[in-house]
Chemist: 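I'd like to ask some things about the structure below.
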Amino acid sequence: MEQSNNSTISKITFPIKGIHCASCIRVLERSLKKVDGVSEAVVNLATGKASVLFDPEKVKNQDLESAVSNVGYKALINEQTKSEDDQKKEREKELKDLRNKVALSLFSGSLILWGSFPALMETAPLVLRNSLIQLFLAIPVQFWAGFEFYRATIPALKHRTANMDTLVAIGTTVAFGYSATVTIFPGILQNIGIEPSPYFDVSTIIIGLILLGRYFEAKAKAGTSEAIKKLIGLQAKTARVMQHTKEVDVPIEQVVIGNIIRVRPGEKIPVDGVIIEGESSIDESMITGESIPTDKAKGDTVIGATINKTGTFTYKATKVGSDTMLAQIIKLVEAAQGSKAPIQRLADLISSYFVPIVIMLAFVTFGVWYIFPAQPAFLFALLNTIAVLIIACPCAMGLATPTAIMVGTGKGAQQGILIKDAESLEIANKINTIIFDKTGTLTKGKPEVTDVIPSPSVIPAKAGIHNQKILKQVQDDILKLAASIEKGSEHSLAEAIVKKAEDEKLVLDKVEGFQAIAGHGVEGFVGKNQIFLGNRRLIEKEKIALASLEREISKLENEGKTVMILAANRKLAGLIAVADTVKDSAKDGVSKLQKRGIEVVMITGDNQKTASAIAQKLGIKRVLSEVLPDQKEAEVRKIQAEGKKVAMVGDGINDAPALAAADVGIAMGSGTDVAIEAADITLINKDLTSVASAIELSKKTMRTIKLNLFWAFGYNVLLIPVAMGVLYPFLGILLNPIFASVAMAASSISVVSNSLLLKRYKI
Amino acid sequence: MEIDKIFVAFFSLAGMGFTYWFFLMKKEDVVSVTDSTDITVEGGYIPSVISIPKRKTTKINFTRRDPSSCLEEVVLSDFKIRKFLPMNQKVTIEVTPQKTGEFPFSCGMNMFHGKIIVR
């Protein structure tokens with residue numbers, strides 16, 4: 001919500017829930033304008049927000065809320081900011097309270113321990129050795145610091161449920177209750193032959209240590225959702241929108257599609273759009289993970305929240321509000337963090353029975369130790385029962401998987417790796433075969449001129465073919481002629497030649513008599529020279545000798561390139577080879593996967609010769625060529641039938657069925673809704689090494705989850721029996737309840753900290 | 001065996017039986033919902049089992065009254081939703097289930113559980 005005042009008129013912008021069509025806008029605007037004191041109301045379909053000009057003396061927020069709710073929508077005037085602020089304030093207050101409670105508990109606990117622990121009590125002042133004083137020290141710890149355990153336990157018991165707090169509340173209440181009884185009524189226990197020694201140190205220190213653990217856990221847990229907060233924080237606050245000839249700073253919520261926005265060096269690009277004037281170098285690392293700034297010029301797309309480095313440019317907003325790439329990324333990461341990995345199922349099942357089972361084990365412990373011949377039986381039974389209740393740590397099991405998923409998916413998002421859900425992350429860990437779509441994924445998807453070979457007859461005899469300067473000059477002449485004649489053609493090969501000539505800054509000649517010969521090539525006149533440019537059929541049809549370059553033509557064709565032959569004045573001038581070139585990162589990307597033992601397969605509609613040439617260049621051994629787009633899905637299934645776990649990498653738009661058929665569909669180089677919808681993992685940058693990074697991230701996250709689960713299960717499975725005293729008959733070992741509380745607090749913290757270690761991994 | 005030991009043995013067995021009955025044998029009342037429902041988060045979820053229609057958006061309003069950090073988040077993993085629940089504030093979650101079945105929800109630490117039955 002944003003609000004500004006201008007003496008008698010105020011302006012407020014707030015989100016409205018439930019807007020989904022243009023008619024909603026009209027209904028809402030009409031309703032808001034009807035409110036007495038509202039002078040203007042504009043509702044934006046794209047951002048889902050209303051901007052209202054009103055007289056603050058006449059109109060209150062409630063009036064606007066009512067106007068919106070009267071027509072069936074909900075105005076979130078205070079909700080959003082209140083929620084975020086509240087969340088922060090609440091957490092800060094909780095941490096402060098916890099700190100105070102920990103300090104009091106541990107201070108009182110230490111004093112009590114000093115006055116009651118056999119080896120220390122001799123050094124303590126007499127006052128601390130007094131049980132009544134210890135009781136007074138323990139009361140505030142039990143009922144103020146430990147109040148939150150009761151506050152959680154009582155309503156839980158009312159609904160016949162239990163959690164960690166229930167165990168702590170029962171354990172410490174038993175210790176405190178027993179100690180208070182022996183302090184106030186020492187005779188009762190003496191009469192039944194039990195030494196009346198209080199254990200206030202146990203109840204107070206357990207509360208202190210568990211709260212201390214909770215304090216560190218709360219701090220660590222905040223770190224697990226840091227990535228999403230950082231992503232939200234990337235959003236620009238304002239945009240400099242061009243209004244006629246003026247530049248006006250407007251809040252980001254008011255930017256609409258079609259607005260022309262100016263961005264200066266060092267500024268953040270506010271929303272997604274297309275550059276219409278100017279050029280610049282843009283740092284997109286925060287969205288794509290690509291560390292090298294990208295050069296952009298007229299016609300290129302820019303992403304909101306990225307940083308403009310050098311130039312000034314204006315661009316047209318194409319996506320605003322919840323449609324921007326950043327908003328999509330945040331939405332996706334939030335969804336992934338709310339999903340559950342299949343590996344968590346066992347932990348879920350155990351968690352639902354855990355606390356009641358621990359309480360039952362506590363009863364078993366008390367009974368067995370009381371009946372067991374060790375003396376004093378009652379104290380053994382009491383202390384071991386408390387130890388069982390305190391050591392059990394269901395939280396560690398509950399936190400093991402989600403904290404790792406939160407850190408893993410957040411880390412991925414920061415590197416431009418968007419993971420749809422926890423299940424995709426888990427399956428990606430098991431991938432052993434990756435199928436790459438060729439065109440547009442391994443290759444740039446746009447033909448480029450790769451070779452310009454002059455005919456020996458056009459190289460001056462004196463210069464020879466080894467004179468690089470002369471050779472370059474002749475190549476440029478060939479390119480210039482070819483580009484001049486192709487300028488009028490719409491063929492994709494022609495486009496590649498013209499682009500190459502432009503890149504080389506060649507000035508093109510005027511062409512007359514241009515004619516496209518279908519399936520052959522083009523012809524025309526440059527000055528008085530008659531030019532032919534086309535395939536072998538064209539040149540043979542024109543009866544122009546090819547013999548001098550026959551060997552080069554075969555060589556280029558074997559490399560999977562398309563060869564265009566240029567003839568001037570019915571004489572062979574040279575060859576121009578055009579091919580879809582592989583991306584710079586392709587070889588590295590493929591080899592990184594192969595090094596991890598993953599089989600790489602290439603799938604393409606190209607003929608076998610072209611496909612093999614590209615595959616050979618990249619070191620790919622298995623090639624599926626001449627596969628029509630609608631057959632790709634079947635090919636994926638065939639490889640799966642071989643027992644392989646398959647990931648399919650494509651652009652996410654043309655390959656949607658194949659991506660969906662694969663165990664993990666990976667869409668590359670796109671943040672579009674379609675791609676995100678079709679893919680399990682979306683790689684925003686175009687760097688092919690990101691595929692290996694995504695697999696690596698999945699492996700590391702899964703390793704962390706397994707370690708967390710192993711620790712959480714192992715901890716409970718091993719230490720609960722130790723707390724029950726199973727080692728006592730063999731080794732004489734018993735677990736003091738205070739040590740049980742140390743172990744319990746350390747258990748949750750270690751799981752959360754282990755998940756946070758994922759942040760340190762370099763991917 | 002001495003009488004006190006017999007008593008303690010009986011007490012332990014009775015305690016175990018009571019714990020089992022109290023926590024694990026409770027019957028959940030299913031609340032049928034058509035458009036929206038309020039769930040109070042206090043020592044668990046009240047009501048903890050709701051039944052909602054398939055292919056229809058249902059609003060579930062969670063209000064947390066329990067300060068336990070365990071309950072500060074609610075997770076509906078089948079719907080990929082994890083939400084922070086500020087104290088005493090209504091948080092609305094909308095779900096549009098596409099298939100029938102039982103979909104559990106829980107607190108962030110997976111200690112307290114509830115269930116959405118899609119009919």
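Order of the sequence lines fixes the chain letters, A, B, ..., with proteins taken first and strands second; residue numbering starts at 1 for each chain. Remember, it's a predicted structure, so these values are computed and weren't measured experimentally.
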Chemist: Specify which of B/Ile46, B/Val91, B/Leu76, B/Leu71 makes the most heavy-atom pairs with chain A at under 4.5 Å.
Modeler: B/Ile46

Chemist: Quick one: do the B/Ser32 and B/Arg119 side chains pair a donor with an acceptor below 3.5 Å?
Modeler: yes

Chemist: Find out whether A/Tyr370 and A/Phe378 are in side-chain contact, i.e. whether some heavy atom of one side chain is under 4.5 Å from a heavy atom of the other.
Modeler: yes

Chemist: Top residue by heavy-atom pair count (under 4.5 Å) with chain B, among A/Arg160, A/Lys340, A/Met360, A/Glu217?
Modeler: A/Arg160

Chemist: Under 3.5 Å, which donor-acceptor pairs link side chains of residues 8-17 of chain B to any protein atom two or more places apart or in another chain?
Modeler:
from    : atom 1 : to       : atom 2 : distance (Å)
B/Ser12 : OG     : A/Phe363 : O      : 3.2
B/Ser12 : OG     : A/Gly367 : N      : 3.3
B/Ser12 : OG     : B/Val8   : O      : 3.0

Chemist: Among A/Thr401, A/Ile359, A/Ile154, A/Leu361, which has the most heavy-atom pairs under 4.5 Å with chain B?
Modeler: A/Ile359

Chemist: I'd like to know if the side chain of B/Arg65 and the backbone of B/Val41 have a donor-acceptor N/O pair within less than 3.5 Å.
Modeler: no

Chemist: Contact part of B/Phe22 toward chain A, heavy-atom cut-off under 4.5 Å: side chain, backbone, both or neither?
Modeler: both

Chemist: Okay, side chain of B/Asp35, backbone of B/Lys59: is any donor-acceptor separation there less than 3.5 Å?
Modeler: no

Chemist: Report which part of B/Ile81 has an atom under 4.5 Å of a heavy atom belonging to chain A: side chain, backbone, both, or neither.
Modeler: backbone

Chemist: Who passes ring-ring contact (aromatic ring centres under 6.0 Å, His included) against B/Phe103, sequence neighbours left out?
Modeler: B/Phe79

Chemist: Of all of A/Asp165, A/Thr166, A/Leu157, A/Val355, which one pairs up most often with chain B through heavy atoms under 4.5 Å apart?
Modeler: A/Leu157

Chemist: Go through the atoms of B/Asp78 and report whether side chain, backbone, both or neither lie under 4.5 Å from a heavy atom of chain A.
Modeler: neither

